[in-house]
Structures are given as structure tokens and as C-alpha cells.
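Since the structure comes first, as C-alpha cells, the remarks are kept for the end.
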Amino acid sequence: MHTEHTTHTWTTHSTHDTSEGLVGYQGCRCGAQRIVAVPMHTFAPVADVAHRG
């Protein structure tokens with residue numbers, strides 16, 4: 001595949017939770033595609049929110 005650029009700009013088309021983590025399907029404007037996986041143990045909470053009644 002011939003591309004006119006040297007750095008891909010990835011756009012995530014979809015993500016899916018699995019028992020082992022997260023799988024994402026990404027594409028670049030040049031037509032290149034890739035599948036990325038993020039293992040569950042690498043996730044960290046972004047924020048803890050306390051709800052008050």
C-alpha cells in the first residue's frame with residue numbers, strides 16, 4: 001500500500017469490551033487499518049464520584 005504521508009492519523013471506528021480488556025478497530029485516511037488491544041490490568045480509574053443523597 002502506497003501512502004502519501006509518513007505518519008498515520010488513527011480514527012477509532014469501534015471498540016468492544018472483552019473478558020481480557022478492550023479491543024478497538026481503527027483506520028487512517030490513507031486506507032490503512034489496525035486492531036488495537038488494551039489489557040484489562042492497564043485500566044485505571046479516571047475519577048471517583050461520590051453521590052450524596
Side-chain angles (χ1 to χ4, degrees):
M1 174 184 310
H2 176 69
T3 61
E4 295 180 14
H5 61 282
T6 58
T7 303
H8 293 291
T9 302
W10 298 108
T11 301
T12 301
H13 299 293
S14 64
T15 58
H16 306 281
D17 292 319
T18 69
S19 60
E20 296 181 5
L22 184 70
V23 173
Y25 298 88
Q26 299 179 329
C28 179
R29 62 184 169 88
C30 74
Q33 298 180 6
R34 70 178 182 179
I35 300 172
V36 295
V38 180
M40 184 67 72
H41 69 273
T42 62
F43 288 124
V46 175
D48 289 324
V49 178
H51 295 277
R52 297 180 186 184

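For this chain, numbers begin at 1 and follow the sequence in order. Computed from a predicted model, the values in this text were never measured in an experiment. The figures here come from the full heavy-atom set of this structure, side chains too, leaving out hydrogens, waters and symmetry mates.
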Check step by step if side chain to side chain contact (heavy atoms under 4.5 Å, CB included) holds for H8 and C30. CA-CA 8 Å; H8 293 291; C30 74; 3.5 Å; yes
Set of side-chain hydrogen bond (donor to acceptor under 3.5 Å, both in side chains) partners for T12, sequence neighbours left out: Q26
Which value, rounded to the nearest 0.5 Å, describes the distance between T11 atom OG1 and Q33 atom CD? 11.5 Å
List, by chain and then residue number, the residues other than V23 in its hydrophobic cluster (Ile/Leu/Val/Met/Phe/Trp/Tyr, side-chain heavy atoms under 4.5 Å); write none if there are no others. Y25, I35
Can you tell me how far the CZ atom of R34 sits from the SG atom of C28, to the nearest 0.5 Å? 9.5 Å
Quick check for you: to the nearest 0.5 Å, what is the distance between R29 atom CZ and W10 atom CH2? 11.5 Å
